[in-house]
Amino acid sequence: MSNRGNWSAAVTRFLNRLHARLAARARPGSALVSQPEPRSTGSFARGRQLCAGNLMFAGHLVEAPDAMIWDIAPPDAAWEAEIHGFRWLDDLAAVGDARARLLARKWVWGWIARYGSGKGDGWSPDAAGRRLIRTIHHALFLLRGAEADEAAALYRALAAQTIFLARRWPSTPPGLARFEALTGLLYAGLSFEGMGAHAETARKALGVECASQVDAQGGIPTRNPEELLEVFTLLTWARAALEDEDLTAEEAHAAAIARIAPTLRALRHADGGLARFQGGGRGLDGRLDQALAASGVRRRQAEGLAMGYARLSGGRSSLIIDAAPPPTGPASFDAHASTLAFELTSGRRPVLVSCGSGAGFGADWRRAGRATPSHSTLCLDGYSSGRLATPRVADGGVREWLEDGPKQVPVEIGRVEGGQRFEGGHDGYRRTHGLTHARILELSADGREVSGEDMLITLDDADKRTFDRRLDAASLSGLPWQLRFHLHPEVDAALDMGGSAVSLALRSGEVWVFRHDAGPRLTLEPSVYLEKGRLRPRAAKQIVLSGRAMEYATRIRWSLAKTQDTAIALRDVAIDEAEPTH
């Protein structure tokens, strides 16, 4: 990590704390003149767990009944960042009873007593934006039964954070963090007497950010589907808050909503969850449907790529492929080396998946989740298709950017007799091994069969020379490759037909069979499913085809199909299996 990065982060922290203390000393008028409709919804189950003293944030569980959350030593920085954002207020409001309100009031006024004077690391623009949004959303829930001095203390704290945000939002890195800061500033400006100028600043700045961060196809630089949903949700909230006050959003703001909605529809699997690529998860249950309904945009994505992803669908099945180069530069700090990886969902049941983001389980799991072997694609000679750079300090934290990833990812999507076809390739192994990975995927029109062909090929004489050097270094034993198919934890898998196939049984009653051409070695190996909100990775399995590249062209063909006796339509009721916290 460079001294310049350390110095920059230190300056940012210093300025945040300076402006936090200056804002806390201000005494502006603090009457709440309006309140946007509460649009952030939490989890009733999580709220009940919080009331019971089971505090789970950023992958850590602390059992502390009746504790003041601000007195608990945070297990790590991620825990501290999460609790300062007040998302837990959504969960307590979802419970909504007297006990939940008492706990919410205890934690909110506890924050004011501890940090309201401008102290602590919770004073960052994005965290302040999240706090303002949640506190204003749930102001009536918090203030019911409050004394006059308590209400005044809350208003002063909110006004101080508004002033802080007005001064510090430009220091927030572009992307989700800045959208959070600006939406919080907009909410506060609309809600507090005498702060309308801040609302106008935020209104215009949101338009500028939409124009620069949301591209013509409705994508964002990180290519993270869940992050795109979060940005989309904030934009719909901000537009609705403006409309409640008979104001209009900037044209670029409204246009960004119109572009994002069809992209999110294309990134949604048959079960309603988002594709888990580039650090994103499935999204909170109901959040996507809620945001799409609030947007009023009914248009669907035209055929082609959506934010660099290809989608094939047939019958009750959806197949989504990462079909573009990974993010680069600052947008890649959570990027994954997943080019040409795919996910498959049948009805309400995910079948083939990505392992997901390990960010909530520590640095080692975070790195593991970003590597190519954690995705359903081909890995060559132990290399990922993109490599992690040396850690650096940026945007207030230690970041590992993704570098040296694929630059060229040609793609064709079309219809063939009996279904849809995807063809693509990437050059992530070309410089190191002289090989290009090409992949063909076909999904039948009835969604009952996926057939695939993966190839490692040299494209010119220079590639052949590079490949020959690598082959010589391996003593002509070939370059090892593995083709991985990660299974969802609820898929029961077993080797079948004397070890030449794998049977997959879904909880819906569907049975799929994986087969492959002769040559590669077939194994069923352990895998993990990294899921936000859980204490530990879930055990899963993966199908692995392995072999060695000995020639200038290697071809691997495989198929995954429902058995003939699997019904065309099945009544499938999803069961919510929340992880126990005891």
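All heavy atoms count here, side chains included; hydrogens, waters and symmetry mates do not. Computed from a prediction, not measured in an experiment: that's the story for all the values here.
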Polar side-chain atom of Ser317 near backbone of Arg448 as donor-acceptor pair, under 3.5 Å = no

Validation row: Leu274, Arg287 side chains within 4.5 angstrom (heavy atoms) = no

message = For Ser338 versus His375, what's the shortest heavy-atom pair and its separation?
response = CB-CD2, 3.3 Å

task = Give me the ring orientation class for Tyr552 and Phe467: parallel if the planes are under 30° apart, tilted from 30 to 60°, perpendicular past 60°.
result = perpendicular

ask   = Testing Arg484, His488, Gln542, His486 for side-chain hydrogen bond (donor to acceptor under 3.5 Å, both in side chains) with Ser527, which one passes?
value = His486

Ser503 side-chain N/O to Ala494 backbone N/O, donor-acceptor pair under 3.5 Å = no

note = For Arg268 and Asp289 the tightest heavy-atom approach is NH1-OD1, 2.7 Å

key: Side-chain heavy atoms of Leu435 within contact of Arg470, under 4.5 Å   = no

query = Would Val351 and Leu506 count as a side-chain contact (heavy atoms from CB on, under 4.5 Å) if you check the C-alpha gap in whole Å, the side-chain angles of each, and the deciding distance to 0.1 Å?
reply = CA-CA 8 Å; Val351 183; Leu506 312 189; 3.8 Å; yes

Met455 vs Ile440 side-chain heavy atoms within contact, under 4.5 Å = yes

message = Between His253 and Leu235 (side chain of the first, backbone of the second, donor and acceptor by atom type, cut-off under 3.5 Å), is there such a pair?
response = yes

ask   = Taking it one step at a time, do Arg555 and Asp517 satisfy salt bridge (Lys or Arg N to Asp or Glu O under 4.0 Å)?
value = CA-CA 10 Å; Arg555 183 171 69 172; Asp517 281 358; 5.9 Å; no

query = Taking side chain as C-beta onward, heavy atoms only, is Lys562 less than 4.5 Å from Val513?
reply = no

ask   = Do Arg130 and Arg87 have side-chain heavy atoms sitting under 4.5 Å apart?
value = yes

remark   = Sorted by chain and number, sequence neighbours left out, ring-ring contact (aromatic ring centres under 6.0 Å, His included) with Trp79 holds for Phe57

task = Find out whether Trp401 and Pro327 are in side-chain contact, i.e. whether some heavy atom of one side chain is under 4.5 Å from a heavy atom of the other.
result = no

key: side-chain hydrogen bond (donor to acceptor under 3.5 Å, both in side chains) partners of Gln290, counting only residues at least two apart   = none

request  = Starting from the C-alpha separation in whole Å, work towards a yes-or-no answer on side chain to side chain donor-acceptor pair (under 3.5 Å) for Ser318 and His269.
outcome  = CA-CA 6 Å; Ser318 61; His269 274 295; 2.8 Å; yes

message = side-chain contact (heavy atoms from CB on, under 4.5 Å) for Leu530 and Trp365? Distances and angles first, verdict last.
response = CA-CA 9 Å; Leu530 304 169; Trp365 278 114; 3.8 Å; yes

ask   = In a check of side-chain hydrogen bond (donor to acceptor under 3.5 Å, both in side chains) between Gln278 and each of Asp322, Thr222, Asn224, which one passes?
value = Asp322

Verdict with supporting geometry, Arg367 and Glu400, salt bridge (Lys or Arg N to Asp or Glu O under 4.0 Å) = CA-CA 9 Å; Arg367 293 189 191 98; Glu400 287 179 302; 3.1 Å; yes

task = Any chance you could lay out the salt bridge (Lys or Arg N to Asp or Glu O under 4.0 Å) test for Arg421 and Glu442, step after step, and finish with the verdict?
result = CA-CA 4 Å; Arg421 180 184 178 99; Glu442 290 187 7; 2.3 Å; yes

ask   = Would you find a donor on one side and an acceptor on the other, under 3.5 Å apart, between the side chain of Ser374 and the backbone of Arg370?
value = no

message = Under the rule for side-chain contact (heavy atoms from CB on, under 4.5 Å), what residues qualify as partners of Leu495, not counting sequence neighbours?
response = Val502, Leu522, Leu524

key: Considering all heavy atoms, the nearest Thr372-Ser384 contact   = N-OG, 3.0 Å

request  = Decide yes or no for Leu319 and Arg311: does some side-chain heavy atom of the first lie under 4.5 Å from some side-chain heavy atom of the second?
outcome  = no

inquiry  = For a 4.5 angstrom cut-off between non-hydrogen side-chain atoms, does Pro125 reach Ser171?
reply    = yes

task = Answer yes when Asp404 and Arg431 have at least one side-chain N-carboxylate O distance shorter than 4.0 Å, and no when they do not.
result = yes

task = Could you tell me whether the side chain of Arg366 and the main chain of Ala359 form a donor-acceptor pair under 3.5 Å?
result = no

remark   = Shortest non-hydrogen pair, Pro225 vs Phe277, comes out as CD-O, 3.3 Å

side-chain hydrogen bond (donor to acceptor under 3.5 Å, both in side chains) involving Arg259 - partner list, sequence neighbours excluded = none

ask   = Would you call Arg349 and Glu510 a salt bridge, taking side-chain N to carboxylate O under 4.0 Å as the test?
value = no

key: Asp446/Arg316 salt bridge by N-O under 4.0 Å criterion   = no

key: For Ser357, side-chain hydrogen bond (donor to acceptor under 3.5 Å, both in side chains) partners two or more places apart   = none

request  = Show your reasoning for whether side chain to side chain donor-acceptor pair (under 3.5 Å) applies to Trp558 and Asp454.
outcome  = CA-CA 9 Å; Trp558 52 269; Asp454 287 273; 2.9 Å; yes

remark   = Thr339 and Thr377 have their tightest heavy-atom pair at O-OG1, 3.8 Å

task = Would you kindly check if the NZ (Lys) or CZ (Arg) of Arg276 is within the cone defined by 45 degrees around the ring axis of Tyr529 and under 6.0 Å from the six-membered ring centre?
result = yes

ask   = Below 4.0 angstrom, N of the basic side chain to O of the carboxylate: do Asp271 and Arg348 qualify?
value = no

request  = Indicate yes or no: does Arg178 engage Glu209 in a salt bridge with an N to O separation below 4.0 Å.
outcome  = yes

note = Residue set satisfying side-chain contact (heavy atoms from CB on, under 4.5 Å) with Ala561, at least two apart, ordered chain then number -> Glu449

request  = For Arg439 and His426, indicate whether the former's side chain and the latter's backbone hold a donor-acceptor pair under 3.5 Å.
outcome  = no

query = Is Arg282 salt-bridged to Glu226, going by a charged N under 4.0 Å from an acidic O?
reply = no

ask   = Can you tell me if CD on Glu525 sees more than 12 non-hydrogen neighbours from other groups inside 6.0 Å?
value = yes

request  = Show the numbers, then the answer: is there a side-chain contact (heavy atoms from CB on, under 4.5 Å) between Ser313 and Gln420?
outcome  = CA-CA 8 Å; Ser313 60; Gln420 292 175 284; 4.1 Å; yes

ask   = Judged by atom type as modelled, is there a donor-acceptor pair below 3.5 Å linking the side chain of Gln482 to the main-chain atoms of Val544?
value = no

message = Is it the case that the ring center of Tyr429 lies less than 6.0 angstrom away from the ring center of Tyr383?
response = no

request  = Look at the side chain of Asp427 and the backbone N and O of Lys407, then say whether any donor-acceptor pair between them is shorter than 3.5 Å.
outcome  = yes

inquiry  = For Gly434 versus Thr466, what's the shortest heavy-atom pair and its separation?
reply    = N-CG2, 3.5 Å

message = Please determine whether side-chain contact (heavy atoms from CB on, under 4.5 Å) holds for the pair Glu403 and Thr328, giving the CA-CA distance in whole Å, both sets of side-chain angles, and the decisive distance to 0.1 Å.
response = CA-CA 7 Å; Glu403 64 178 9; Thr328 58; over 6 Å; no

message = Ring of Tyr309, cation from Arg223 - is the NZ or CZ under 6.0 Å from the centre and inside 45° of the axis?
response = yes

task = For the pair Thr458 and Asp463, evaluate side chain to side chain donor-acceptor pair (under 3.5 Å) and give the outcome as yes or no after the intermediate values.
result = CA-CA 5 Å; Thr458 56; Asp463 287 350; over 6 Å; no

